[in-house]
Structure formats: structure tokens, C-alpha cells
Amino acid sequence: VLITGARTGICFECSKKYIRNDYIVLAHYFEQNNNINYLNESPNSDTIYCDFRDEKSLKDFLNKIKEKDIKVLINNAGAFDFSKNENSRINNIKEILSVNLIAPVLIIETVIEKMKQEKSGHILNVGSIGSKYGSNSDNIFYGISKRGIESSTKSFARELARHNILVNTCLLYTSP
């Protein structure tokens with residue numbers, strides 16, 4: 001099981017649940033904390049660092065997971081957009097899109113090859129209620145990126161169904 005954004009919240013709890021049920025978990029993180037230390041100490045877990053905003057870091061991550069036998073992918077890593085009144089707005093928007101949309105799609109493209117060979121797999125993309133009803137104007141690109149992940153989910157679901165690979169989005173209410 002590969003879980004991105006496994007450092008906190010729902011996906012840290014998901015990681016623990018998978019571990020308790022004897023799955024092998026590959027837990028992605030961007031910032032170190034005690035939860036990552038906990039996951040590192042488990043014999044059924046390994047952690048993998050990646051900064052999805054950085055192209056080299058993302059490419060290294062994709063190369064590492066290409067070698068893994070991923071049966072379940074949970075794309076949870078996400079970033080909010082707080083850049084509306086900043087001078088670096090365009091760069092910040094690119095980072096939001098990279099974390100919330102580009103990285104998850106590239107990760108899916110990487111893991112589906114082995115899933116197709118095995119004719120089995122599960123992919124869950126974590127979305128946001130903001131993609132359905134819009135975000136506030138202060139973090140509009142967050143909602144845009146999450147709407148993009150919903151669209152990519154539908155595309156992958158249609159393509160991968162014939163390979164017995166289930167692709168879904170779950171919508172969460174998140175608030176910065």
C-alpha cells in the first residue's frame with residue numbers, strides 16, 4: 001500500500017490500520033514528525049520522502065516506486081493556496097498544482113503498469129468538497145487542483161476498469 005501524505009490526519013490513521021491488518025505500507029512524507037518515526041519503527045512499514053513541488057525530488061520518487069509492487073494507492077498529499085496577496089503568486093500556484101494534481105497523476109501512471117499486469121488494483125484519490133462547491137477566492141487554486149484530480153479519477157477509472165483496477169475519489173471537507 002502506497003499512501004502519500006501519510007504524516008498526519010486520516011492517512012496516518014489509514015497507515016496504522018493497514019499495518020495492523022498485516023499490509024506492507026510505504027508511507028510518503030514531506031515533513032518529518034513523530035508519526036513518521038512511528039511508521040519507521042513498524043516492521044510492516046517503510047517511509048519515503050518526497051517534495052512534490054520539486055521536479056528532481058518527484059522524478060526520484062517515481063523511479064523508486066516503479067520498482068515496488070503497489071496494490072493499493074492512496075493519493076492524499078495536498079497543499080492549500082495562501083498566495084493571493086503574495087509577490088510570488090505564480091510560483092505558489094505552480095507548487096499547488098504540482099502537489100495536488102501533477103504528482104498524483106504521475107504516481108498513478110507509474111503504479112498502474114504492474115497493476116495492469118496483475119489485473120488488480122485499487123486507487124483512491126483524496127479530493128475536496130471545495131471541488132464541488134468552489135473554494136473561497138483566497139485559495140481558489142486549491143479547489144481548481146482538486147477538481148482536476150476528480151477529472152483524472154474519472155479518466156483513469158474508465159481506462160482501467162477493463163484491467164480490474166478500481167479508481168475512486170473521496171471528498172473531504174478541509175479547511176485551512
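The basis for the numbers below is simple: all heavy atoms, side chains too, and nothing from hydrogens, waters or symmetry mates.
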>> Is it the case that over 12 heavy atoms from other parts of the model lie below 6.0 angstrom from the CG atom of Asp69?
In response: yes
> So, are Lys59 and Glu55 salt-bridged, with charged N and O less than 4.0 Å apart?
Replying inline: yes
>> Please report the interatomic distance CG(Leu106) to CZ(Phe61), rounded to the nearest 0.5 Å.
In response: 11.0 Å
> Are there more than 12 heavy atoms of other residues, nucleotides or ligands under 6.0 Å from atom NZ of Lys16?
Replying inline: yes
> Does the side-chain contact (heavy atoms from CB on, under 4.5 Å) test come out yes or no for Leu171 and Glu150, once each step is laid out?
Replying inline: CA-CA 9 Å; Leu171 298 182; Glu150 277 189 52; 3.5 Å; yes
> Heavy-atom count around Asn34 CG within 6.0 Å, excluding the residue itself: above 12?
Replying inline: no
> To the nearest 0.5 Å, how far apart are OG in Ser88 and CD in Glu95?
Replying inline: 8.0 Å
> Taking C-beta and beyond as the side chain, do Glu109 and Phe156 meet within less than 4.5 Å on heavy atoms?
Replying inline: yes
>> If hydrophobic clusters are built by linking Ile, Leu, Val, Met, Phe, Trp and Tyr wherever their side-chain heavy atoms come under 4.5 Å apart, do Val167 and Ile102 end up in the same one?
In response: yes
>> What I want to find out is whether Arg53 reaches Asp51 closely enough, with some N-O distance under 4.0 Å, to be called a salt bridge.
In response: yes
> Would Ile107 and Thr110 count as a side-chain contact (heavy atoms from CB on, under 4.5 Å) if you check the C-alpha gap in whole Å, the side-chain angles of each, and the deciding distance to 0.1 Å?
Replying inline: CA-CA 5 Å; Ile107 293 167; Thr110 301; 5.6 Å; no
> For Tyr49 and Phe30, which heavy atoms make the closest approach, and how far apart are they?
Replying inline: CE1-O, 3.1 Å
>> Tell me which one of Thr8, Ile36, Leu39, Ile48 satisfies side chain to side chain contact (heavy atoms under 4.5 Å, CB included) with Tyr29.
In response: Ile36
> Tyr142 and Ala79: which non-hydrogen atoms are nearest, and at how many Å?
Replying inline: CD1-O, 3.2 Å
> Relative to each other, are the rings of Phe52 and His28 parallel, tilted or perpendicular (30° and 60° limits)?
Replying inline: parallel
> Do the charged groups of Lys116 and Glu159 touch, with an N to O distance under 4.0 Å?
Replying inline: yes
>> Closer than 3.5 angstrom, by distance alone: can the side chain of Asn164 be matched with the main-chain N or O of Lys119 as a donor-acceptor pair?
In response: yes
> Salt-bridged, Glu113 to Lys66, with N to O below 4.0 Å?
Replying inline: no
>> Please evaluate residues Lys71 and Met115 with respect to the criterion side-chain contact (heavy atoms from CB on, under 4.5 Å), reporting the C-alpha separation (whole Å), side-chain torsions for both, the decisive distance (0.1 Å), and the verdict.
In response: CA-CA 7 Å; Lys71 304 221 185 303; Met115 287 181 178; 5.7 Å; no
> If you round to the nearest 0.5 Å, how far is OG1 of Thr169 from CD1 of Ile123?
Replying inline: 10.5 Å
> So, Asp60 and Lys64, do they make that salt bridge, N to O below 4.0 Å?
Replying inline: no
>> When you compare the side chains of Asn125 and Thr153, does any donor N or O come within less than 3.5 Å of an acceptor on the partner?
In response: yes
>> Please determine whether the number of non-hydrogen atoms from other residues, nucleotides or ligands lying under 6.0 Å from atom CG of Leu160 exceeds 12.
In response: yes
>> So, applying side chain to side chain contact (heavy atoms under 4.5 Å, CB included) with Asn44, which one of Val1, Val25, Asp22 is it?
In response: Asp22
> Taking atom CG of Asn100 and atom CD1 of Ile149, what is their separation to the nearest 0.5 Å?
Replying inline: 8.0 Å
> Any side-chain heavy atom of Ile3 within less than 4.5 Å of one from Tyr18?
Replying inline: yes
> What are the two closest non-hydrogen atoms of Ala6 and Ala27, and how far apart are they?
Replying inline: CB-CB, 3.7 Å
> If you measure from CD on Glu41 to OG on Ser45, what distance do you get to the nearest 0.5 Å?
Replying inline: 10.5 Å
> Does the side chain of Asn40 come under 3.5 Å of the side chain of Thr47 through a donor N or O and an acceptor N or O?
Replying inline: yes
>> If hydrophobic clusters are built by linking Ile, Leu, Val, Met, Phe, Trp and Tyr wherever their side-chain heavy atoms come under 4.5 Å apart, do Ile19 and Val72 end up in the same one?
In response: yes
>> Please say yes or no: joined through hydrophobic side-chain contacts below 4.5 Å, possibly via intermediate residues, are Val99 and Val105 part of one cluster?
In response: yes
> Got Ile74 and Leu2 here, is their nearest side-chain heavy-atom distance under 4.5 Å?
Replying inline: no
> Do you reckon Ile24 sits in the same ILVMFWY cluster as Val111, going by side-chain contacts under 4.5 Å, direct or chained?
Replying inline: no
>> For the CG atom of Leu101 and the OG atom of Ser151, what is their distance to the nearest 0.5 Å?
In response: 9.0 Å
> At their closest point, which heavy atom of Phe12 faces which heavy atom of Asn35, and how far apart are they?
Replying inline: CE1-CB, 3.3 Å
> Are the side chains of Leu73 and His122 in touch, meaning some heavy atoms are under 4.5 Å apart?
Replying inline: no
>> The test is side-chain contact (heavy atoms from CB on, under 4.5 Å); show your working for Val126 and Asn75 and say whether it passes.
In response: CA-CA 6 Å; Val126 176; Asn75 269 321; over 6 Å; no
> Can you name the closest pair of heavy atoms from Cys170 and Leu124 and give their distance?
Replying inline: N-CD1, 3.8 Å
